[in-house]
Each structure stands twice: as structure tokens, then as C-alpha cells.
A.B. asks: 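Dropping a structure here in C-alpha cells format, bear with me for questions.
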Amino acid sequence: MECCEGGRSRGRGHPPASLVCVLATLRQFVREGTPWRSLRATAEKASGSTLRRCFAAWSRTGLLGRVHALLVRMLRSHPDLILDSCSVRVKRGGDLTDPNPTDRAKKGSKYHVATTGDGLPVACAVTGANVPDTLLFERLFLAAFAVLTRIRTVLADKGYDAERHRELRRKLGVRPRIHKRGRAPGSGLGKRRWPVERTNAWLLENRRLALRYDRCGFIIQSLLQTACIFLVAGRPAQKF
């Protein structure tokens, strides 16, 4: 993060919290779902207000996205790309929320994730719960295409079925495998799509993501990106 962020400008007043303290607080906040007001500044942790200011600054500069891309480039990942999404309930409303058609029209958000064939998250996005998956395909695919050295096949369920998506992948030399709408279940893609479902389960183990409390869209997007970064940073290098 220090390499992507560059040098911090020191102004007047109290010195800013160290990046190590901010990251330690961020891990606790995402994993345990600690309320904002319970985050108190100590010698090893930053306060909730400091963490919120960092989220706002990182969102303006796109720092988390650059860090995520850099970590992905450092690993040799599986050449397949798998897309999927999951919905979560929203506790207090806010940005990027819609009535969830799978949860009796209660307010919800949807996490869209693209992973490699071994479950490494390479791109993510947050939308309202009733946004169709097919609208996020191009955004996730191009974001993954920019950071992965090689994509052999793209796998997705019928929610991403659209001919324009197949044409886009063929132009970039990627083989599409999407279950078409109207066909009977049992496409066989589940044997190769399970890594993205496992990654979604890992992301939802973070209490701050499993039930959304934050109203601001940039915060929930930053939290999802942070959870993906933690998964990538903990992944050892593998050869394929």
C-alpha cells in the first residue's frame, strides 16, 4: 500500500496514524464487524473516525483497486475466469440498495465477484440486489483481463447469458462457457464453477459483509475490496 500510495504529506497538527495500525483496525473491523464507535485509538489500533477518513481517501484515489491488482499480478493463477454473485440483507438502507427479489423484496445489496479457476478473487463490485448479473459482466471481465496474464476460459451461469458477451470474449481470444437460458439444468459447469462459490462463502465469513450496516456506497465497496485483498495476500504462489 505504501508503494501504491506514495509518500504521505505531513501537515500541521497531530501526526497521522501509522498504516500498520490502520490495517490492524481494518482487519478487526471487517472480520468481527466491530461498530464504528467501539473503535478507539490505542498504541496498536486506530479510531473509527480515522478509519472512515482513510476509506474516503482511498476511494477518491482508487488505492485499494491498485493494491488488489498489484497483488494479483504477483501470483501465478489458474487460467480460467469464473463469475458469480451473492446477495446480502441491508440493515439500515443507503446507497447501492434495492428490493431483493429473492428475499421477499427486502432491502439488499449484491456482491459481484470474478475469480480464477482456483478461487483467487481478481475483480469485485457492489450493486443493488435487483441489478441483473449480465449488466456487470463486461465490467468484471475487463477488470480481470487487465490484471491477469492469461485467461483461457470464462465460466458463468445463465444469469450472464448474452450474445454480446460471447462476442467480446471471442475478440479477446477467450473461450466462453455460459449456460444458456431455456436449457434444462445440468450443464455440468458446476464441477468447474465451485471455486467462486467457495470464495463467496469466505467473503461472507466477514461479519461486516454478511449483513450490511453501512449506508455509504464507497464504504461497502471498500470493505468488499479489502476482503478480497486479504484473501489474495494470504494465498501462496502456485504453479499451473
Side-chain angles (χ1 to χ4, degrees), residues 25-37 39 48-49 51-69 72 81-115 121-144 146-147 156-160 162 165 196-197 199-232:
T25 307
L26 179 57
R27 181 178 288 274
Q28 174 189 351
F29 180 69
V30 176
R31 186 68 180 176
E32 301 178 7
T34 307
W36 288 100
R37 295 182 178 179
L39 297 175
S49 59
L51 184 60
R52 194 179 186 90
R53 286 195 298 270
C54 290
F55 274 144
W58 295 343
S59 178
R60 288 193 303 268
T61 60
L63 176 63
L64 293 178
R66 297 200 302 273
V67 171
H68 190 186
V72 171
L81 184 68
I82 315 173
L83 280 69
D84 200 6
S85 64
C86 59
S87 299
V88 296
R89 184 173 295 183
V90 175
K91 193 71 173 178
R92 300 171 182 171
D95 303 331
L96 304 176
T97 60
D98 285 318
N100 190 347
T102 63
D103 192 17
R104 295 173 292 175
K106 294 185 177 180
K107 286 286 186 179
S109 294
K110 185 181 288 188
Y111 302 150
H112 304 265
V113 181
T115 71
V122 296
C124 62
V126 182
T127 65
N130 65 358
V131 174
D133 291 342
T134 184
L135 297 181
L136 271 292
F137 175 85
E138 184 175 351
R139 174 179 172 182
L140 294 175
F141 175 72
L142 294 179
V147 298
D157 57 19
K158 63 180 67 177
Y160 297 90
H165 299 158
V196 71
E197 297 175 356
T199 300
N200 284 335
W202 285 342
L203 293 175
L204 294 181
E205 286 181 353
N206 298 287
R207 295 186 178 181
R208 202 70 190 184
L209 291 175
L211 181 61
R212 178 180 167 182
Y213 288 92
D214 302 285
R215 296 175 181 269
C216 298
F218 74 90
I219 290 181
I220 191 63
Q221 176 67 46
S222 299
L223 290 175
L224 180 61
Q225 193 101 55
T226 298
C228 291
I229 289 174
F230 286 151
L231 288 179
V232 176

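Given the structure is predicted, the values throughout are model-derived calculations rather than measurements.
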A.B. asks: Would you call the rings of Phe137 and Phe141 parallel, tilted or perpendicular, where under 30° means parallel and over 60° means perpendicular?
C.D. replies: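 Parallel, since the angle between the ring planes stays under 30°.
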
A.B. asks: List for me each residue that meets salt bridge (charged side-chain N to carboxylate O under 4.0 Å, His left out) alongside Asp98, sequence neighbours excluded, and say none if there are none.
C.D. replies: none

A.B. asks: Can you confirm whether Val196 sits close enough to Leu83 that some side-chain heavy atom of one is under 4.5 Å from a side-chain heavy atom of the other?
C.D. replies: no

A.B. asks: Of the non-hydrogen atoms in Ala123 and His68, which two are nearest, and what is the gap between them?
C.D. replies: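 In terms of heavy atoms, the two residues are closest at N-CE1, 4.1 Å.
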
A.B. asks: Please evaluate residues Leu211 and Arg207 with respect to the criterion side-chain contact (heavy atoms from CB on, under 4.5 Å), reporting the C-alpha separation (whole Å), side-chain torsions for both, the decisive distance (0.1 Å), and the verdict.
C.D. replies: CA-CA 7 Å; Leu211 181 61; Arg207 295 186 178 181; over 6 Å; no

A.B. asks: Mind checking the OG-CD spacing from Ser59 to Gln221? Nearest 0.5 Å is all I need.
C.D. replies: 8.5 Å

A.B. asks: Sorted by first residue and then second, give each salt bridge (charged side-chain N to carboxylate O under 4.0 Å, His left out) pair with at least one member in residues 121-130; sequence neighbours left out.
C.D. replies: none

A.B. asks: So how far is it from Tyr160 OH to His112 NE2, rounded to the nearest 0.5 Å?
C.D. replies: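 These two atoms lie 6.5 Å from each other.
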
A.B. asks: Under the rule for side chain to side chain donor-acceptor pair (under 3.5 Å), what residues qualify as partners of Arg215, not counting sequence neighbours?
C.D. replies: none

A.B. asks: For Leu26, which of Ile229, Leu51, Leu39 qualifies under side-chain contact (heavy atoms from CB on, under 4.5 Å)?
C.D. replies: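 With Leu26 as partner, side-chain contact (heavy atoms from CB on, under 4.5 Å) holds for just one option, Leu51.
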
A.B. asks: State, yes or no, whether a side-chain contact exists between Pro121 and Val232 at a heavy-atom distance under 4.5 Å.
C.D. replies: yes

A.B. asks: Which atom pairs, donor and acceptor, lie under 3.5 Å between side-chain atoms of residues 99-106 and protein residues at least two apart or in another chain?
C.D. replies:
{"unit_1": "Asn100", "atom_1": "OD1", "unit_2": "Thr102", "atom_2": "N", "d": "3.0"}
{"unit_1": "Asn100", "atom_1": "OD1", "unit_2": "Thr102", "atom_2": "OG1", "d": "2.8"}
{"unit_1": "Asp103", "atom_1": "OD1", "unit_2": "Arg89", "atom_2": "NH2", "d": "3.0"}
{"unit_1": "Asp103", "atom_1": "OD2", "unit_2": "Arg89", "atom_2": "NE", "d": "3.0"}
{"unit_1": "Asp103", "atom_1": "OD2", "unit_2": "Arg89", "atom_2": "NH2", "d": "2.9"}

A.B. asks: What residues form a ring-ring contact (aromatic ring centres under 6.0 Å, His included) with Tyr111, not counting sequence neighbours?
C.D. replies: none

A.B. asks: So how far is it from Arg208 CZ to Leu223 CG, rounded to the nearest 0.5 Å?
C.D. replies: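 Nearest 0.5 Å value for the CZ-CG distance: 7.0 Å.
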
A.B. asks: List the steps and the verdict of side-chain contact (heavy atoms from CB on, under 4.5 Å) for Ser109 and Thr127.
C.D. replies: CA-CA 6 Å; Ser109 294; Thr127 65; over 6 Å; no

A.B. asks: Under the side-chain contact (heavy atoms from CB on, under 4.5 Å) criterion, do Asp133 and Lys110 qualify, and how do the steps go?
C.D. replies: CA-CA 9 Å; Asp133 291 342; Lys110 185 181 288 188; 3.3 Å; yes

A.B. asks: List the steps and the verdict of side-chain contact (heavy atoms from CB on, under 4.5 Å) for Ile220 and Leu209.
C.D. replies: CA-CA 8 Å; Ile220 191 63; Leu209 291 175; 4.0 Å; yes

A.B. asks: When rounded to the nearest 0.5 angstrom, what distance separates CG in Leu203 from OG1 in Thr226?
C.D. replies: 11.0 Å

A.B. asks: Considering all heavy atoms of both residues, which atom of Leu136 and which atom of Ala125 are nearest to each other, and what is their separation?
C.D. replies: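 Looking at all heavy atoms of both residues, the closest pair is CD1-CB, 3.9 Å.
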
A.B. asks: So, Glu205 and Arg31, do they make that salt bridge, N to O below 4.0 Å?
C.D. replies: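 Here Glu205 pairs with Arg31 in a salt bridge, since their nearest N and O are under 4.0 Å apart.
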
A.B. asks: Which heavy atom of Asp95 sits nearest to which heavy atom of Arg212, and what is that distance?
C.D. replies: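 Shortest heavy-atom separation between Asp95 and Arg212 comes out as O-NH2, 2.6 Å.
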
A.B. asks: State the CZ-OG distance between Arg52 and Ser222, to the nearest 0.5 angstrom.
C.D. replies: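 These two atoms lie 11.0 Å from each other.
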
A.B. asks: Of the non-hydrogen atoms in Thr61 and Arg66, which two are nearest, and what is the gap between them?
C.D. replies: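 Shortest heavy-atom contact: O-NH1, 2.5 Å.
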
A.B. asks: In Å and rounded to the nearest 0.5 Å, what is the OG1 to CG distance from Thr199 to Leu204?
C.D. replies: 11.0 Å

A.B. asks: Can you confirm whether or not the ring centre of Trp36 sits under 6.0 Å from the ring centre of Phe29?
C.D. replies: yes

A.B. asks: Among all residues two or more places apart in sequence or in another chain, which pass the side chain to side chain donor-acceptor pair (under 3.5 Å) test with Asn206?
C.D. replies: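 Residues passing side chain to side chain donor-acceptor pair (under 3.5 Å) with Asn206: none at all.
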
A.B. asks: By the definition side-chain contact (heavy atoms from CB on, under 4.5 Å), identify the one residue from Asn200, Thr115, Leu140 that meets it with Asp84.
C.D. replies: Asn200

A.B. asks: Against the six-membered ring of Tyr213, is Arg92 placed for a cation-pi contact (under 6.0 Å from the centre, within 45° of the normal)?
C.D. replies: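 Verdict for Tyr213: no cation-pi partner in Arg92.
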
